[in-house]
Number of protein chains: 2
Amino acid sequence: MNRVPPAAEPVAGKPSRREQILAAAAELFARHGFHGVGIDDIGSAVGISGPALYRHFRSKDAMLGEMLTSISEVLLDGGQARVDAASGPEKTLGDLVRFHVDFALDNPALITVQERNLGNLTDPDRRKVRALQRRYVETWVEVIRAAVPAAGEPTARAAAHAVFGLINSTPHSRHLDRDQMADLLTGMAMAALVQLSDRVH
Amino acid sequence: MNRVPPAAEPVAGKPSRREQILAAAAELFARHGFHGVGIDDIGSAVGISGPALYRHFRSKDAMLGEMLTSISEVLLDGGQARVDAASGPEKTLGDLVRFHVDFALDNPALITVQERNLGNLTDPDRRKVRALQRRYVETWVEVIRAAVPAAGEPTARAAAHAVFGLINSTPHSRHLDRDQMADLLTGMAMAALVQLSDRVH
DNA sequence: CAGGCACGTTAGCGGGCGCTAACTTGCCGA
DNA sequence: TCGGCAAGTTAGCGCCCGCTAACGTGCCTG
């Protein structure tokens with residue numbers, strides 16, 4: 001008795017068909033856009049063909065939904081964890097930046113999909129993802145305002161989005177190796193943020 | 001004699017059906033993605049219906065092609081103009097940043113389409129657009145290296161892409177008014193760039 | 001060892017989409 | 001005045017795509 005749950009994640013680290021499919025789909029969605037990828041494309045990317053995917057997902061929309069929801073959760077949880085391990089305003093901001101940089105560098109396809117394909121979600125999925133994203137942004141806004149007290153809230157919010165754009169640009173340029181890229185992006189992001197204190201408002 | 005050319009731009013400032021269509025299509029492509037927008041959607045956005053568009057464009061692909069080519073040309077020409085009016089390395093970099101910021105703030109839909117839909121171009125169109133983009137990036141790389149001699153070429157290239165990401169994030173956040181946003185983005189971009197001199201390599 | 005279930009296959013449906021065809025209308029210049 | 005052309009209409013073709021149906025197969029368990 002007590003078998004492994006049929007539709008949940010496996011007990012150990014095995015990639016599990018579902019995750020394998022999601023990874024392949026993410027790559028394809030990132031390259032061609034949601035509507036530019038067919039069911040058969042995703043299937044053959046994991047060695048099975050078309051309709052077999054429906055043994056694992058209810059619909060193509062559900063794949064995108066699960067993909068974006070899980071990204072948003074990972075980001076929010078990781079961000080919260082950095083804040084909870086607080087060690088001083090500026091240090092916390094640095095941790096947050098570094099966390100996002102690492103995630104973007106290690107998951108370029110997911111980052112790209114999240115940036116480009118939010119509009120292709122079903123309404124309920126989009127609501128859920130947007131709620132998670134808003135909480136993540138909120139975390140950033142608070143940390144920025146703690147580290148740069150001169151910044152007003154709208155400024156902090158706009159700055160957070162700008163920094164996301166800076167960091168998330170990484171899938172489009174691969175001229176440095178991973179660690180150099182991480183240092184470069186972190187440095188640029190931090191410089192862009194700390195100078196906020198020099199500006200009026 | 002000497003009538004206005006039938007398929008070229010009009011003599012004076014009139015928006016000309018073609019440009020009107022391109023603007024509407026850009027908005028739709030930005031919101032739903034190229035494949036998420038139908039011919040009929042574009043048509044009804046300008047008050048005509050579906051197939052009438054083929055009086056103005058050879059195909060849906062041609063609309064996207066013309067859209068992206070013209071953006072790339074505007075950016076390249078504008079960038080070159082700033083460099084030609086050179087007034088010292090750091091000042092030139094500032095002009096370039098400001099130029100791109102202004103363009104992004106005034107054409108959010110175009111920026112979004114260029115970022116997301118390069119992969120939906122036909123092969124010849126994509127080649128042309130990529131060539132133009134590469135020359136634009138090249139302009140940035142040279143200006144960055146002139147203003148920040150410590151930066152190596154791969155670093156300058158990666159930094160240019162990162163700054164594009166930062167500036168192009170503007171369609172996703174509208175919490176400040178236009179001019180405040182322009183100042184914020186310019187300040188963040190410049191701070192991110194000048195600190196390159198602090199890093200080894 | 002028999003039954004069930006997870007997982008895969010191929011065939012085919014229904015609908016949407018890009019594009020063409022055929023036709024209409026109003027303006028403009030000789 | 002009237003022919004021609006730019007610019008729009010509707011009808012419809014052909015294709016592709018998401019998804020379902022019906023069926024096969026091997027493993028795991030009671």
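Just so it is clear: chains get the letters A, B, ... in the order the sequence lines come, proteins before strands, and each one is counted from 1.
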Between [atom2] of [N] and [atom1] of [X], the distance in whole Å:
X: A:L28; N: D:dG18; atom1: CG; atom2: P; value: 12 Å
X: B:I21; N: D:dG8; atom1: CD1; atom2: C1'; value: 11 Å
X: B:R17; N: C:dC27; atom1: CZ; atom2: C1'; value: 16 Å
X: B:I48; N: D:dA6; atom1: CD1; atom2: P; value: 16 Å
X: B:L53; N: D:dG8; atom1: CG; atom2: P; value: 9 Å

Discussion item. For B:D106, give me all partners under salt bridge (charged side-chain N to carboxylate O under 4.0 Å, His left out), at least two apart in sequence or on another chain.
Written reply: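 Scan of B:D106 (salt bridge (charged side-chain N to carboxylate O under 4.0 Å, His left out), adjacent residues dropped) gives B:R178.
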Item to complete: Establish, yes or no, whether a centroid distance under 6.0 Å links the rings of B:H161 and A:H175.
Response: yes
Discussion item. Counting primed atoms plus P, OP1 and OP2 as sugar-phosphate and everything else as base, spell out the protein contacts along nucleotides 11-19 of chain C at 4.0 Å heavy-atom distance: B, S or - for each nucleotide, 5' to 3'.
Written reply: B------SS
Item to complete: Using a strict cut-off of less than 4.0 Å between a Lys/Arg side-chain nitrogen and an Asp/Glu carboxylate oxygen, indicate whether B:R31 and B:D41 qualify as a salt bridge.
Response: no
Worksheet item: Should B:D183 and B:R98 count as an ion pair when the cut-off is N to O under 4.0 Å?
Response: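 Salt bridge present between B:D183 and B:R98.
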Worksheet item: Does A:R55 have a side-chain nitrogen or oxygen under 4.0 Å from the phosphate oxygens OP1 or OP2 of C:dT9?
Response: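 So the side chain of A:R55 is outside the cut-off, no N or O lying under 4.0 Å from OP1 or OP2 of C:dT9.
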Worksheet item: Is any side-chain nitrogen or oxygen of B:H56 closer than 4.0 Å to OP1 or OP2 of D:dA6?
Response: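 B:H56 to D:dA6 OP1/OP2: no side-chain N or O under 4.0 Å.
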Practice prompt. Identify the residue among B:T186, B:N168, B:D95 that makes a side-chain hydrogen bond (donor to acceptor under 3.5 Å, both in side chains) with B:H100.
Written response: B:N168
Worksheet item: Pairs in or reaching into residues 49-91 of chain B: which pass ring-ring contact (aromatic ring centres under 6.0 Å, His included), with residues at least two apart or in two chains?
Response: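 Checked against ring-ring contact (aromatic ring centres under 6.0 Å, His included) - neighbours excluded - no pair reaches residues 49-91 of chain B.
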